[in-house]
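The structure under discussion appears below in the form of structure tokens.
The basis for the numbers below is simple: all heavy atoms, side chains too, and nothing from hydrogens, waters or symmetry mates. Convention: sequence-line order gives letters A, B, ...; per-chain numbering from 1.
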Protein chains: 2
Amino acid sequence: MIKKQLIMEKALELFAKQGFATTTVQQITDYCGISKGAFYLSFKSKDELILALIDHFMIQITSNIDYIVNNIDDDAELLYTFYYAMFESFHKHSDFAKLFIKEQSHTFNEEFIVKMQYYDKLSERMFLSLIERLYGETVNRIKYDLIYCIKGFMNTYSSLFLFYNVPLDLKVLAQSLVEKTNLLARQMTVPFISPELWQLMEQPLLGEVTKEQLRNFIDQKVDELEESVEKESLLLLKEQLIASTYPQAVVRGLLENVRNHPECKWISYLLRRYYQF
Amino acid sequence: MIKKQLIMEKALELFAKQGFATTTVQQITDYCGISKGAFYLSFKSKDELILALIDHFMIQITSNIDYIVNNIDDDAELLYTFYYAMFESFHKHSDFAKLFIKEQSHTFNEEFIVKMQYYDKLSERMFLSLIERLYGETVNRIKYDLIYCIKGFMNTYSSLFLFYNVPLDLKVLAQSLVEKTNLLARQMTVPFISPELWQLMEQPLLGEVTKEQLRNFIDQKVDELEESVEKESLLLLKEQLIASTYPQAVVRGLLENVRNHPECKWISYLLRRYYQF
DNA sequence: TTGACAAATGACTCGTTGGTCATTATTATA
DNA sequence: TATAATAATGACCAACGAGTCATTTGTCAA
């Protein structure tokens, strides 16, 4: 388990620097100070490694942002905090962000493409719910364009500080993007992306998670965990899924217990969405 | 010469579909109906091929846009026409656009990176001169942010129609982006990219072409060309570089002769910049 | 100390692919 | 037609790198 983490860390460094295809398994294992065979004890293949990396960090980032956004009551702060948290994440995990941007369009591995599309749609959804909450009905006609503008901002501004070594003033960046977004949201009148166009692009729909899937996820995680508050909380949350016995406050508390454990972020995110907290 | 073109066309198709790394030389030659050896009569390596493709199309697109923008007098139309021409180019050369987006970050080949940075800076320059012409002094503090917004728009909106098979209404798209750009240009007050930050990122400066370089370019092109008006015009333009004997009108005329020949677009673009037409 | 089990090693296999070159086909010239 | 020059071919080579597996090393309970 520790070995796996070591490989992921070291590999990420190399991938960010050289790209996935040009980094050999040998390089990774040399850099880790382990043998090539040891690599294949932790990962079935080189592809599985990058898939694991993507999941690991996207889960971390997505669920973190989602939590932050859902715990801000004041709409005036919302957008600012969102941008701030987003770029803070990219900055903190800059190696991952580089990898993610560089490898955005690996055409070969089917599973990889599906995964990327999944997270792309996921973030679009996040943007959309943010927009709807902030501007409500008034932006109905232009909301899909807003999503794309936000995506554009994220893209260009993040590659700016990722690939040039420039100092990064997160506060100004967030402020600046808040202003841009507000200007567009409040005054744009000519949308390009109509609801129909949007639907055309929604083809590979983002499925909802079922109760059974959630239970499986929890079972899996529980096996990997040591005895701890997190593990106990997860087990209780599983009980709750089967037969809801606890009041909402308890469920929220249990989720809070679990939220900060890096291994549980994804599950806690899914559960929060499931319970619509 | 014809063979080279055939290879470029067919290879572009395959690259757009499968990516550069996963397309083998064998696949390319099979698709062209020629032998593997024949490939290496036209290109020294597989890398040289992609470099040639990038140059070929970027020159085409860049010089075309530049020409259009420089031949519009009415500022009211300018931005619209710019966006329209830009996306029309991407649409027309969609295979190239796909390749370009997909391979934006090949870390391995040094020459490739330099080339991409060069064209990136080139387009930034184009955006900047457009912005300065349209909005003048008033946008001085926010002009670099405007560049990045435009880059962001180009990026997200083009991948939208490149990778999803959706119908494309160029007019609405251009209109929509014009509105967005105008809104931002006229009301943005919080820039993120300060002049100093901009300078930090300008490190690999875009060199000016010298008279000698231009003469070399022309000599090279002249050798490749059949007897034609274009060839004669180029020779005269070379004379003019050495000892300027003709009035401006003549030079302009000569450039006009050369402009539409696909092989001469780049030179005509460089000359126009040199003479500041 | 021993022996059973698990973890780790790295030499090796094997498929792939960019690039070469001796040979053959084609065209131009005398 | 003969000869030279040029174009084209595809079998072959060498390098590389993902993944395997027989063997060694380490661990721990009896």
Rounded to whole Å, the NZ-C1' distance (B:Lys36 to D:dA14) equals 12 Å
Nearest-Å distance for atom pair CG/C1', residues A:Leu41 and C:dG10 | 13 Å
Let me know the distance between CG of A:Leu49 and P of D:dA18, rounded to the nearest Å.
-> 11 Å
Whole-Å distance, A:Glu48 CD to D:dA18 P, equals 15 Å
Of A:Gln26 and A:Gly33, whose nearest nucleotide on DNA chain C comes first from the 5' end?
-> A:Gly33
What nucleic acid atoms does B:Lys46 come within less than 4.0 Å of, heavy atoms only: base, sugar-phosphate, or nothing?
-> sugar-phosphate
Looking at every strand, decide which applies to A:Thr23 at a 4.0 Å heavy-atom threshold: base, sugar-phosphate, or nothing.
-> sugar-phosphate
When you measure from the centre of the six-membered ring of A:Phe39, is the NZ or CZ of A:Lys36 under 6.0 Å away and within 45° of the axis?
-> no
Provide, to the nearest angstrom, the distance between the CD1 atom belonging to A:Ile34 and the P atom belonging to D:dT24.
-> 21 Å
For the side chain of B:Glu103 and the backbone of B:Phe20, is there at least one donor-acceptor N/O pair under 3.5 Å apart?
-> yes
Please state how far atom OH in A:Tyr40 lies from atom C1' in D:dA22, giving the value in whole angstrom units.
-> 18 Å
Compare side-chain N and O positions of A:Lys3 against OP1 and OP2 of C:dA8 and report whether any pair is under 4.0 Å apart.
-> yes
Would you say the side-chain atoms of B:Lys46 pair up with the backbone N or O of B:Thr23, donor to acceptor, closer than 3.5 Å?
-> yes
Between D:dG19 (C1') and A:Phe39 (CZ): distance, integer Å | 10 Å
If you find the nucleotide of DNA chain D closest to A:Gly37 and the one closest to A:Thr24, which residue's nucleotide is nearer the 5' end?
-> A:Thr24
Quickly work out the B:Asp47 CG to C:dT17 P distance and round it to whole Å.
-> 16 Å
Can you check whether A:Lys17's main-chain N or O pairs, donor with acceptor, with A:Lys98's side chain at less than 3.5 Å?
-> no
